[in-house]
Trainee: 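Just dropping this structure here.
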Protein chains: 2
Amino acid sequence: MALTKSPYRGTRDFFPKEMRLRNYIFQKMAEVSELFAYEPYDGPLLEEVELYLAKSGEELINEQIYSFIDRGERKVAIRPEMTPTVARMAAQVHREIAKPIRWYAIPNLMRYEKPQKGRLREFWQYNADIFGAGQYGEVEIIQLAVTLMKSFGATSEHFEVLVNDRRFVDLVFEGLIGLEPALTHKLYKLVDKKNKMPADKFAAEVRTITPDETKAKIFEEFVNLTSIDEVKTYVSKYFSETTLSDVFMQKLSGVESIGDHVIEKHVTPLISLFEKFKDQDLGEYVKFDPSIVRGLDYYTGVVFEIFDKHPDNRRAVAGGGAYANLLQIFNEPALEGVGIGLGEVPLTDFLTTHKLVGDFSKPSIDYLVAYFTPEGEKTAAQIANKLRSQNKKVEMMFGDNKPKKIFNYSDKKNFAHIVMVTETDIKVKEVATRTETTKTLADF
Amino acid sequence: MALTKSPYRGTRDFFPKEMRLRNYIFQKMAEVSELFAYEPYDGPLLEEVELYLAKSGEELINEQIYSFIDRGERKVAIRPEMTPTVARMAAQVHREIAKPIRWYAIPNLMRYEKPQKGRLREFWQYNADIFGAGQYGEVEIIQLAVTLMKSFGATSEHFEVLVNDRRFVDLVFEGLIGLEPALTHKLYKLVDKKNKMPADKFAAEVRTITPDETKAKIFEEFVNLTSIDEVKTYVSKYFSETTLSDVFMQKLSGVESIGDHVIEKHVTPLISLFEKFKDQDLGEYVKFDPSIVRGLDYYTGVVFEIFDKHPDNRRAVAGGGAYANLLQIFNEPALEGVGIGLGEVPLTDFLTTHKLVGDFSKPSIDYLVAYFTPEGEKTAAQIANKLRSQNKKVEMMFGDNKPKKIFNYSDKKNFAHIVMVTETDIKVKEVATRTETTKTLADF
């Protein structure tokens, strides 16, 4: 039986057309990263499974990871995400090198997913992280992400950056609503799903988690906040020592001026972040969105997603946030960081949806070099090599060919010039202008 | 217990210094490929194991492949080489697209090896293939490989391309020596190991395979051929109907003029190849070498290796050859091709050995932008973004800093300019000339 010609399920063959598009996208990612002085890095394709057990979410480990036992009895996995690797690498060098550390990578990752739009088993993901820069890093990573999106021709009409802060969410869920951790977890999950369920179902689910109607309303008011100004109003409405839950007050025992301290830790960073956005001309791209919580993984501060605004493609192109301590699992001192992950699959969908992708169907080649008789072969090869040494892209047309065949072939690709070694001379045709000149070998 | 900070055995962490070197190497590979009008492609990280069972050598499958069963009960492997993938992809499209097909890729591959110099479990390998061009393709692939080596500053003092032809080897082993296939196989293995064993041991092993002293001498004479001229002498000495073995004569039964036919098929291509090398200025790089046989895998014609000439690093940097029919396993019509694989690990060893690697320890950054007081932050950020929009690489130095701290920091990296937003104005220092100018925000 013949073997299948198809790629493994959920993976892709990149023929030149697709590969040129991918190269274009990766090139932009590298260029924009370097504009922000981010330095390139890469890690191994395989990591020991332990690394992911320590940091990745449960769904990733239990359902999506490609793990196996190697010939030396090591339990390894194909990387499903880059953050554990970057944390491991930062743990090796962070004591010695100047901070902040700014790194970017474009690794191939694999997850065992049911292939669907925007989601494949093998994909590439742009990752940028800044370690040791606090809130400055949050602004910079978002500035970098916006610049990257703009480098593809996208504008604030095409995308928005939805921003939230898990410290603020914690304040509302634990402080105002005052739920046990297990129920807080459920609220997180519910927020995450809000935009995917009908309003009445959502209201009902809220009340199964927190039956107290006052608290349910406080929660609903929270999830309906649409701007940073509304956040301010919400905070001043609900925020006083008397409204904070017992659970939360217990956590803060020993602190003198409770109200201010809490606000400073849980609300001020979010408000000042939006002020910096305005200062740095990011105002038109960013928007507060209480539904962005980024699951329950390593994020501990600001979280954000880049969202496609097109009604046909309402989905996240990228996501990221701030983490307080990724290095703990390596017994290293805390090093805060901010990271972003941007998948090439949703990005390509985004660019396609907004018609921001150019034509990559044909390569651009400077010269086609052909010859009429077998005697022309040597001269043609010499011309080709001379042109290449001048950094010209040259395709050799092998075998002695008639002009008609040469022109037929040249129509299939984007050649700027056609060189023909004839029986008697060398002709160079400029395709755009259709002008033809006669040259000698020495002219090249 | 804390997790290990080390990468999985046989793999590497690429910190920025190593990654810049890798990017430099990959960039050259892409550039030179495009000079020859090769188009980029890529395939999946995983392929079904069947694909490798059909085409790869036994050692690869039995001892080196990373294979496992996925969650859907498919037997898959991390790609240990790219040729089966490129064959699968060519099989999909070769009927529709113009020939020759010229493709290149730089995939990451994995093999379960005992890590040692020049050999790791995870590595990248440059692959270039040309389908449907016959001997023209053989010359072009070698021209491409030589151009690539030269693009790194290497010359014919540093490397050589050792060339052989399996059709010629077959002629000698089957035709002159006339062994059974199993013994021919042993001769191949022995030739492969010749340079790694003492002469007397080699001579003894030859005689265990072919006890006939005349035949052993014919074989030894073959393995000591050092040039294409010696090949010609060898052929005219041994070649006639009477010297050809019965095994070989049987294969050729029905052919009228046996001698000429045999020479035309088994010797002429090699001789004419070396003539083309001379025509195309490759003479100083190429050398006939009977010990190059490239194992027993898919090659059926010309085979070659790029060898480091340095006595401390006598090893192959790249290898390749011509194959008659990689597409058969997909039930597709035959499509001949020529390919090369060049590993980034031996290449880096080669470049390091010959001191051809530049300094990648520090990034080159156009501007460091810093500020003295918190009030300067907004202006500094605006300057940074203006410069970036002019395609300048800019690093922001966060927080209000004293000049001394700024200069201390700037010494650690290659900044071309330092911008300082002071309490009263904006100073720009050009690092190379140590000149300082005063600017306004509008000047940027």
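On a predicted model such as this, the values are computed, not experimentally measured, just so you know.
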Trainee: Which region of A/Q382, side chain (C-beta onward) or backbone (N, CA, C, O), has a non-hydrogen atom less than 4.5 Å from a non-hydrogen atom of chain B, or is it both or neither?
Mentor: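 Just the side chain, heavy atoms under 4.5 Å.
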
Trainee: Contact part of A/K362 toward chain B, heavy-atom cut-off under 4.5 Å: side chain, backbone, both or neither?
Mentor: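 Neither the backbone nor the side chain of A/K362 comes within 4.5 Å of chain B.
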
Trainee: Whether the side chain of B/R22 engages the backbone of A/Y41 through a donor-acceptor N/O pair (distance < 3.5 Å, no angle test) should be reported.
Mentor: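 No; zero donor-acceptor contacts below 3.5 Å.
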
Trainee: Most heavy-atom pairs under 4.5 angstrom with chain B, which of A/E395, A/R71, A/E34, A/Q92?
Mentor: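 The option with the most such pairs is A/R71.
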
Trainee: Counting only non-hydrogen atoms closer than 4.5 Å, does A/K276 touch chain B with its backbone (N, CA, C, O), its side chain (CB onward), both, or neither?
Mentor: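 Only the side chain of A/K276 comes within 4.5 Å of chain B.
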
Trainee: Can you tell which of B/Q328, B/R74, B/E47 has the highest number of heavy-atom pairs within less than 4.5 Å of chain A?
Mentor: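 Most pairs with chain A among the choices: B/R74.
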
Trainee: Relative to chain A, which segment of B/Q64 carries a heavy atom at a distance below 4.5 Å: side chain, backbone, both, or neither?
Mentor: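 B/Q64 touches chain A through backbone heavy atoms alone.
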
Trainee: Which bit of A/Y112 is near chain B, if near means a heavy-atom gap under 4.5 Å: side chain, backbone, both or neither?
Mentor: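 It is the side chain, since no backbone atom gets that close.
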
Trainee: Which atoms of A/D42 are under 4.5 Å from chain B, going by heavy atoms: the side chain, the backbone, both sets, or neither?
Mentor: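 A/D42 touches chain B through backbone and side-chain heavy atoms alike.
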
Trainee: Please flag which part of A/V76 lies under 4.5 Å from any non-hydrogen atom of chain B: side chain, backbone, both or neither.
Mentor: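 Answer is side chain: those atoms of A/V76 sit under 4.5 Å from chain B.
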
Trainee: Is it the side chain or the backbone of A/S389 that comes within 4.5 Å of chain B heavy atoms, both, or neither?
Mentor: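 For A/S389, there is no contact with chain B at all, as no heavy atom is under 4.5 Å.
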
Trainee: Tell me, for A/I78 versus chain B, whether the close heavy atoms (under 4.5 Å) come from the side chain, the backbone, both or neither.
Mentor: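 The side chain, not the backbone.
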
Trainee: CG/B/L3 to CG/A/L327 distance, rounded to the nearest 0.5 angstrom?
Mentor: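 It is 11.0 Å, given to the nearest 0.5 Å.
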
Trainee: Between A/Q390 and chain B, which part of the residue has a heavy atom less than 4.5 Å away: side chain, backbone, both or neither?
Mentor: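 Contact with chain B involves no heavy atom of A/Q390 at all.
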
Trainee: Please work out whether the ring planes of A/F68 and B/Y66 are parallel, tilted or perpendicular, with thresholds of 30° and 60°.
Mentor: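 Ring orientation of A/F68 relative to B/Y66: perpendicular.
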
Trainee: Donor-acceptor pair, B/E122 side chain versus A/L45 backbone, under 3.5 Å?
Mentor: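 Indeed, once roles are kept as given, a pair shorter than 3.5 Å links the two residues.
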
Trainee: Taking the side chain as every heavy atom from C-beta outward, state whether B/K5 and A/I329 have any atom pair closer than 4.5 Å.
Mentor: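 Not in contact.
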
Trainee: Need one label for A/I365: side chain, backbone, both or neither, based on atoms under 4.5 Å from any heavy atom in chain B.
Mentor: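 It is the side chain, since no backbone atom gets that close.
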
Trainee: Can you tell me which portion of B/I130 sits under 4.5 Å from chain A's heavy atoms? Options are side chain, backbone, both or neither.
Mentor: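 It is the side chain, since no backbone atom gets that close.
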
Trainee: Has B/Q280 got a side-chain atom pairing as donor or acceptor with A/A381's backbone, closer than 3.5 angstrom?
Mentor: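 Not a single qualifying donor-acceptor pair exists.
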
Trainee: Please assess A/R88 against B/D13 for the test salt bridge (charged side-chain N to carboxylate O under 4.0 Å, His left out), listing each intermediate value before the final yes or no.
Mentor: CA-CA 10 Å; A/R88 187 177 58 66; B/D13 289 329; 2.8 Å; yes

Trainee: For chain B, find which of A/E332, A/M19, A/E377 contributes the most heavy-atom pairs closer than 4.5 angstrom.
Mentor: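 Between A/E332, A/M19, A/E377, the count favours A/M19.
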
Trainee: Determine the option with the most heavy-atom pairs under 4.5 angstrom with chain A, choosing from B/T4, B/N108, B/N23, B/T11.
Mentor: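 Counting heavy-atom pairs under 4.5 Å, the top option is B/N108.
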
Trainee: Which answer fits A/V93, side chain, backbone, both or neither, if we ask what part of it has an atom under 4.5 Å from a heavy atom of chain B?
Mentor: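 Contact with chain B involves the side chain of A/V93 alone.
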
Trainee: With a 4.5 angstrom heavy-atom cut-off, is it the side chain or the backbone of A/E140 that approaches chain B, or both, or neither?
Mentor: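 Contact with chain B: side chain only.
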
Trainee: Please look at A/E18 and chain B and tell me whether the side chain, the backbone, both or neither of the residue comes under 4.5 angstrom of a heavy atom of that chain.
Mentor: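 No part of A/E18 comes within 4.5 Å of chain B.
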
Trainee: Count the heavy atoms belonging to other residues, nucleotides or ligands that lie under 6.0 Å from NZ of B/K386, then report whether that count exceeds 12.
Mentor: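 Yes - once you tally the heavy atoms of other residues, nucleotides and ligands closer than 6.0 Å, there are more than 12.
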
Trainee: Report the C-alpha distance between B/E39 and A/R20 in whole Å, list the side-chain angles of each, state the deciding distance to 0.1 Å, and finish with yes or no for side-chain contact (heavy atoms from CB on, under 4.5 Å).
Mentor: CA-CA 8 Å; B/E39 300 186 65; A/R20 277 188 285 268; 2.7 Å; yes

Trainee: If you tally heavy-atom pairs under 4.5 Å against chain A, which of B/R121, B/E31, B/M110, B/E48 wins?
Mentor: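 Max contact count across the listed options: B/M110.
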
Trainee: Near B/K405 NZ, under 6.0 Å, is it more than 12 heavy atoms from other residues, nucleotides or ligands?
Mentor: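 Open: at most 12 neighbouring heavy atoms sit under 6.0 Å from NZ of B/K405.
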
Trainee: Counting only heavy atoms closer than 4.5 Å, note whether A/Y409 contacts chain B via side chain, backbone, both or neither.
Mentor: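 Side chain only.
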
Trainee: So, for A/D70 and B/Y8, which heavy atoms are closest and what is the spacing to 0.1 Å?
Mentor: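 Closest approach of A/D70 to B/Y8: OD2-OH, 2.5 Å.
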
Trainee: CG of A/L282 to CG of B/N385: how many Å apart, nearest 0.5 Å?
Mentor: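 So the CG of A/L282 and the CG of B/N385 are separated by 7.5 Å.
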
Trainee: Looking only at heavy atoms and a cut-off of under 4.5 Å, which of A/A133, A/G399, A/A384, A/P100 has the most pairs with chain B?
Mentor: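 Result: the option with the highest number of such pairs is A/G399.
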
Trainee: Which one wins on heavy-atom pair count under 4.5 Å against chain B: A/N391, A/L368, A/D279?
Mentor: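 Highest number of pairs under 4.5 Å: A/D279.
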
Trainee: Just verifying a value: how many Å separate B/K99 NZ and A/F398 CZ, rounded to the nearest 0.5 Å?
Mentor: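 Between B/K99 NZ and A/F398 CZ, I get 15.0 Å after rounding to 0.5 Å.
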
Trainee: Of the backbone (N, CA, C, O) and the side chain (C-beta and beyond), which part of B/S151 lies under 4.5 Å from a heavy atom of chain A, both, or neither?
Mentor: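 B/S151 has no heavy atom closer than 4.5 Å to chain A.
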
Trainee: Between B/K412, B/K150, B/Q143, which shows the greatest number of heavy-atom pairs under 4.5 Å with chain A?
Mentor: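 The answer is B/Q143.
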
Trainee: So which of B/A87, B/A91, B/G134 has the largest heavy-atom pair count under 4.5 angstrom toward chain A?
Mentor: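 Heavy-atom pairs under 4.5 Å are most numerous for B/A91.
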
Trainee: Heavy atoms only, distances under 4.5 angstrom: which of B/R12, B/K413, B/M397 has the most pairs with chain A? Name it, please.
Mentor: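 Most pairs with chain A among the choices: B/R12.
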
